[in-house]
Number of protein chains: 2
Amino acid sequence: MSDQTQRRDANEISKSILQTTESLFSKYGVENVSMHQIAKAANVGQGTMYRRYANKGELCLELMSENFHCLQVKTLQSLAELKSKPVKERMLALLKLHLNFLEKHAQLFETIHSFITCTNNAKPFYEKAPYIFFHQTICSLLEEASEKKEARPINADFTAHTLIASMNPKIYNFLRQKSGYSAKEVIENFNKTLLEPLFIEKR
Amino acid sequence: MSDQTQRRDANEISKSILQTTESLFSKYGVENVSMHQIAKAANVGQGTMYRRYANKGELCLELMSENFHCLQVKTLQSLAELKSKPVKERMLALLKLHLNFLEKHAQLFETIHSFITCTNNAKPFYEKAPYIFFHQTICSLLEEASEKKEARPINADFTAHTLIASMNPKIYNFLRQKSGYSAKEVIENFNKTLLEPLFIEKR
DNA sequence: TTGACAAGCGGACAATTGTCCGTTAATATT
DNA sequence: AATATTAACGGACAATTGTCCGCTTGTCAA
């Protein structure tokens, strides 16, 4: 090749890998692209790939990191804006943001989830930054609701985990594609089934 | 080898594979045993293995089939016995049976779930008999509850899917091992968080 | 400018999953 | 009993993931 990229060009290489990945993914679909393929297309050895991204899931996660960050910012903004509203309303806003995100990045998200969930040696998804942030956010909302007697007395930590579990990409895609629910219906049903019942009606 | 097993001995071979699998699994752990290893130990070619079990998940599922059947029978029995009780009580019984089952077969169950969930070509878990049975059972209970006005007006099909999703083996093992909840606490919290809120209090 | 050092590249390798096809052996037919 | 038929066995192969180590190539010191 013309340009030998080394030490100093580490950033260039990273960018090149990510760009190549993105292009191959959109061309052939996430599932049909192998790490070797990417390495070859990006003019990089497998070793280099794997030193940077321990597995395909990590690579996808990196690809998504910008999106995750964006979601996180939006979430914090939205919650700040609604600060004075009841917790129930804020939870619904959070749900909507998250499910819209899922809808938008369905395929990539499912791949990430699969690889990270299924690879034995990989750090479990529960220890990844996006999960922790989401869990924390839900947790503090639920705790606030408990304190203010807006919600039933529940274990916030536990509830947050199960809520997230019921919104995982696999089940989401299944509901959307196989069961035929529209994106809007999914949000509505989640709200009716999992959120509203947690809160106490005021009159 | 001494005895050549063929056509007529198909059953023998199946049994031999399953026995070998069980023995290797309990010796080295489910994760550390490969399909080739099993084939070799059972004096069988890979082709034979894969013709019977499309992947490791299917093999595990077969290993568990007896247990699943047993759970199914217990479930039907239990529900029949409680037929006259409120739906809420029956749902709790169902939850307990299922979570006890999860507790007992945690490792194998997680492997099945992983392989079936993650392998692209595999039939998704949602189309497997055990899932369908469980979903159906929950569905009809929820529908009954709706009709009798014991529960809030919810979409039974949707709710059943999300309830099952929140009880998947991964999250269960995480809650038990990493988060430090006891088996009993998990059941209690599930009940408080996901079941009770669905039902309407009578007075 | 030259030599030592170390960061890190990249391809060869091992392990595993899953497929394919030539061969084997059990049953049926005469 | 011999031959044809066909189910199905089993090993060789391809594909993919992830690891390891020799070699390249910058950097720093004298």
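Within every chain, numbering begins at 1; the chains are lettered A, B, ... in the order of the sequence lines, protein sequences first and strands thereafter. Small disclaimer: the values here were computed from a predicted structure and weren't measured.
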### Query
So what does B/Thr48 hit on the nucleic acid, given a heavy-atom distance under 4.0 Å: a base, only sugar-phosphate, or nothing?
base
### Task
Any side chain to side chain donor-acceptor pair (under 3.5 Å) involving residues 87-101 of chain A? Give me the pairs, sequence neighbours left out, ordered by first then second residue.
A/Arg90-A/Glu144
Distance, rounded to the nearest Å, where [X] contributes [atom1] and [N] contributes [atom2]:
{"X": "A/Asn43", "N": "C/dC9", "atom1": "CG", "atom2": "P", "value": "14 Å"}
{"X": "A/Tyr50", "N": "D/dT16", "atom1": "OH", "atom2": "P", "value": "11 Å"}
{"X": "A/Met49", "N": "C/dA12", "atom1": "CE", "atom2": "P", "value": "17 Å"}
{"X": "B/Gln37", "N": "C/dT16", "atom1": "CD", "atom2": "P", "value": "7 Å"}
{"X": "B/Glu31", "N": "C/dT17", "atom1": "CD", "atom2": "C1'", "value": "14 Å"}
{"X": "A/Met35", "N": "C/dA15", "atom1": "CE", "atom2": "P", "value": "20 Å"}
{"X": "B/Lys40", "N": "C/dT16", "atom1": "NZ", "atom2": "P", "value": "12 Å"}
{"X": "B/Ile38", "N": "C/dG18", "atom1": "CD1", "atom2": "P", "value": "12 Å"}

### Task
May I ask you to evaluate whether A/Arg52 reaches the phosphate of C/dC9, defined as a side-chain N or O under 4.0 Å from OP1 or OP2?
yes
### Message
Nearest heavy atom decides the nucleotide; on that basis, is A/Gly47 or A/His36 closer to the 5' end of DNA chain D?
### Response
A/His36
### Task
Assess the side chains of B/Tyr172 and B/Glu103: does a donor N or O sit below 3.5 Å from an acceptor N or O?
yes
### Query
Under 4.5 Å between any side-chain heavy atoms of A/Ser16 and A/Val44, yes or no?
no
### Message
What I'd like to find out is whether the side chain of A/Phe174 reaches to under 4.5 Å of the side chain of B/Glu127, using heavy atoms alone.
### Response
no
#### Entry: Between CD1 on residue A/Ile154 and OG on residue A/Ser146, distance to nearest 0.5 Å
5.5 Å
#### Entry: Reported OH-to-NE2 distance for the pair A/Tyr181 and B/His161, which is rounded to 0.5 angstrom
6.5 Å
### Query
To the side chain of B/Gln46, which of D/dG18, D/dG11, D/dT16 is closest?
D/dG11
### Task
Name the closest nucleotide to the B/Ser34 side chain, picking from C/dT16, D/dG10, C/dG18.
C/dT16
### Task
Determine, using ring centers only, whether A/Tyr131 and A/Phe68 are less than 6.0 Å apart.
no
### Task
Could you tell me, to 10°, how much the axis swings from one end of the helix from C/dT1-D/dA30 to C/dT30-D/dA1 to the other, five pairs per end?
10°
